Number of protein chains: 2
Amino acid sequence: MAESILDSLRAGGKKLTKPRKAILAILEQSSLPITVAEIADQLKKARAAVDLVTVYRNVAMLQELKLVNPVGLHEGQMRYEVCHGREHHHHIQCRGCGQIVDLMLCPLKKLTELVERKTKFAIDGHVLEFFGWCPQCR
Amino acid sequence: MAESILDSLRAGGKKLTKPRKAILAILEQSSLPITVAEIADQLKKARAAVDLVTVYRNVAMLQELKLVNPVGLHEGQMRYEVCHGREHHHHIQCRGCGQIVDLMLCPLKKLTELVERKTKFAIDGHVLEFFGWCPQCR
DNA sequence: ATGATAAATGCAACTCACTTGCAACTTGGA
DNA sequence: TCCAAGTTGCAAGTGAGTTGCATTTATCAT
Ligand SMILES: [Mn+2]
Ligand SMILES: [Mn+2]
Ligand SMILES: [Zn+2]
Ligand SMILES: [Zn+2]
């Protein structure tokens with residue numbers, strides 16, 4: 001069976017503080033990538049307000065442990081989503097309303113090998129995001 | 001024959017000022033995407049110093065006219081490259097030295113159609129960038 | 001050529017995402 | 001229970017990018 005996020009944190013010598021658990025809970029509940037500011041807002045609504053800088057430090061740490069992934073959608077701020085225990089996938093975002101939809105697919109396995117052969121790079125990541133207009137904003 | 005960038009600017013009612021022409025010259029000479037700061041640096045070296053804000057305003061305008069494309073490589077700042085008259089393509093960047101290499105390919109035509117069918121979005125753009133380690137940094 | 005007008009520029013001040021320094025406060029293990 | 005390491009919050013800092021505004025410049029009609 002798979003190691004849980006809390007197990008990974010313990011394995012990484014991290015402490016399970018109250019703010020940290022609250023941040024993690026929000027990330028795990030979110031099915032789409034969210035911003036640091038949105039995490040802080042949700043914490044405030046849940047009367048568990050945590051300083052913004054603590055959210056920043058926690059998502060940075062979670063990235064280092066490869067438990068969350070950054071998703072850059074050219075909005076000025078980054079979004080983050082849990083990757084631990086979830087399928088690798090991509091997103092599409094509406095240029096009108098900003099809506100984000102998960103695309104549970106990745107066509108890049110074969111292409112990655114081709115690019116490695118061509119460039120001699122050792123590829124360890126890629127970003128693939130689509131942009132367009134959703135049915136409502138069309 | 002294709003319309004030149006200067007033609008597009010005139011068609012867009014833009015003036016051909018000295019700073020603007022200098023910025024355009026640097027963008028057109030650059031085969032890889034460059035940052036606003038790098039453009040300003042090159043201008044300074046060429047003794048044609050132009051205010052940073054003027055460079056920002058010009059790349060924004062060139063984006064609106066679809067003459068340059070933004071390339072977001074998660075470095076904190078955006079890069080821009082001329083797209084007018086050039087093939088659509090993607091990039092790979094080394095996580096060690098930051099080196100960027102053009103990948104003159106795009107595997108996304110068919111996938112775009114599939115995603116449009118699945119999501120009902122009208123897709124008008126995508127980003128695809130690879131990250132990894134170049135032979136020297138391996 | 002000249003002058004009118006609209007656009008573009010440069011400077012300074014500003015915003016916003018994100019980072020850093022540091023003292024005070026948890027956490028988890030001895 | 002005590003302690004050291006890790007974490008937190010606050011305040012201040014950084015750096016990319018934006019905005020307001022007075023001045024300058026390009027273009028075009030005369
Ligand atoms: Mn997702
Ligand atoms: Mn390129
Ligand atoms: Zn929409
Ligand atoms: Zn390298």
Side-chain angles (χ1 to χ4, degrees), chain A residues 5-27 33-44 46-65 67-80 98, chain B residues 5-27 33-44 46-65 67-80 98:
Chain A
I5 290 191
L6 292 192
D7 291 339
S8 301
L9 289 181
R10 274 184 279 260
K14 306 299 179 187
K15 292 186 174 173
L16 301 183
T17 62
K18 198 153 43 165
R20 175 161 295 164
K21 283 185 277 189
I23 292 166
L24 261 172
I26 288 173
L27 277 165
I34 56 178
T35 66
V36 161
E38 286 166 354
I39 294 172
D41 284 351
Q42 286 194 230
L43 286 168
K44 188 172 277 179
R47 301 215 170 62
V50 171
D51 197 86
L52 250 194
V53 75
T54 298
V55 185
Y56 275 112
R57 291 198 266 232
N58 271 277
V59 298
M61 180 269 286
L62 292 167
Q63 267 188 90
E64 267 156 34
L65 297 188
L67 299 172
V68 308
N69 269 338
V71 180
L73 291 170
H74 297 186
E75 300 164 304
Q77 85 253 67
M78 275 282 164
R79 293 181 174 272
Y80 301 88
Chain B
I5 290 191
L6 292 192
D7 290 340
S8 300
L9 289 181
R10 275 185 277 260
K14 306 301 178 185
K15 292 185 176 175
L16 301 182
T17 62
K18 199 154 39 164
R20 175 161 294 166
K21 283 185 277 188
I23 292 166
L24 261 173
I26 288 174
L27 276 165
I34 56 178
T35 67
V36 163
E38 287 166 353
I39 294 172
D41 284 352
Q42 287 193 227
L43 287 168
K44 187 171 282 179
R47 301 217 170 61
V50 172
D51 197 86
L52 251 193
V53 76
T54 298
V55 185
Y56 275 111
R57 291 198 265 232
N58 271 277
V59 297
M61 180 270 285
L62 292 167
Q63 269 188 88
E64 265 156 36
L65 297 187
L67 299 172
V68 307
N69 268 339
V71 180
L73 291 170
H74 298 186
E75 300 165 305
Q77 84 253 66
M78 274 282 164
R79 294 181 173 273
Y80 301 88

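Small disclaimer: the values here were computed from a predicted structure and weren't measured. Letters go in sequence order (proteins before strands), and every chain restarts at 1. Scope of the values below: all heavy atoms of this structure, side chains included, with no hydrogens, waters or symmetry mates.
- Position along DNA chain C of the nearest nucleotide to B:Thr54 versus B:Gly13 favours B:Gly13 as the more 5'-ward residue.
- Between A:Met61 and A:Leu9, the closest side-chain pair of non-hydrogen atoms falls below 4.5 Å.
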Verdict with supporting geometry, A:Asp41 and A:Lys44, salt bridge (Lys or Arg N to Asp or Glu O under 4.0 Å) = CA-CA 5 Å; A:Asp41 284 351; A:Lys44 188 172 277 179; 5.8 Å; no
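- When each of A:Asn69, A:Val36, A:Ile39 is checked for a side chain to side chain contact (heavy atoms under 4.5 Å, CB included) with A:Tyr80, only A:Val36 meets the rule.
- Looking at A:Lys14 and A:Leu65, their side chains come closer than 4.5 Å, going by heavy atoms from C-beta outward.
- The minimum heavy-atom distance linking A:Pro33 with A:Arg79 is given by the pair O-NH1, 3.0 Å.
- Of all the heavy atoms in A:Pro70 and A:Gln63, the pair that sits closest is CG-OE1, 3.3 Å.
- Between the CE atom of A:Met61 and the P atom of D:dT7 there is a distance of 6 Å, rounded to whole Å.
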Do nucleotides 19-30 of chain D as a string where each nucleotide becomes B, S or -: B if the base has a protein heavy atom under 4.0 Å, S if just the sugar-phosphate does, - if no protein is that close.
-> BB----BBS---
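- The separation between A:Asp51 atom CG and C:dT26 atom C1' is 16 Å, rounded to whole Å.
- A side chain to side chain contact (heavy atoms under 4.5 Å, CB included) with A:Leu24 holds for exactly one of A:Leu6, A:Leu16, A:Val68, A:Asn58; it is A:Leu6.
- We find that CG of B:Leu65 is positioned 14 Å from P of C:dA7, with the value rounded to whole Å.
- For A:Ile39 and C:dA17, the CD1 to P distance is 14 Å, given to the nearest whole Å.
- Atom-to-atom, CG of A:Leu9 to C1' of D:dT7 comes out at 13 Å; the value is rounded to the nearest Å.
- Across the protein-nucleic acid pair, A:Glu75 atom CD and C:dC16 atom C1' stand 14 Å apart, rounded to whole Å.
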For nucleotides 12-17 of chain D, tabulate all protein N/O to nucleotide N/O atom pairs closer than 3.5 Å, reporting atom names and distance.
residue	atom	partner	partner atom	Å
D:dG17	OP1	B:Met78	N	3.1
D:dG17	OP2	B:Tyr56	OH	2.9

Begin with the C-alpha distance, continue with both residues' side-chain angles, and end with the deciding distance and a verdict on side-chain contact (heavy atoms from CB on, under 4.5 Å) for B:Leu27 and B:Leu67.
-> CA-CA 10 Å; B:Leu27 276 165; B:Leu67 299 172; over 6 Å; no
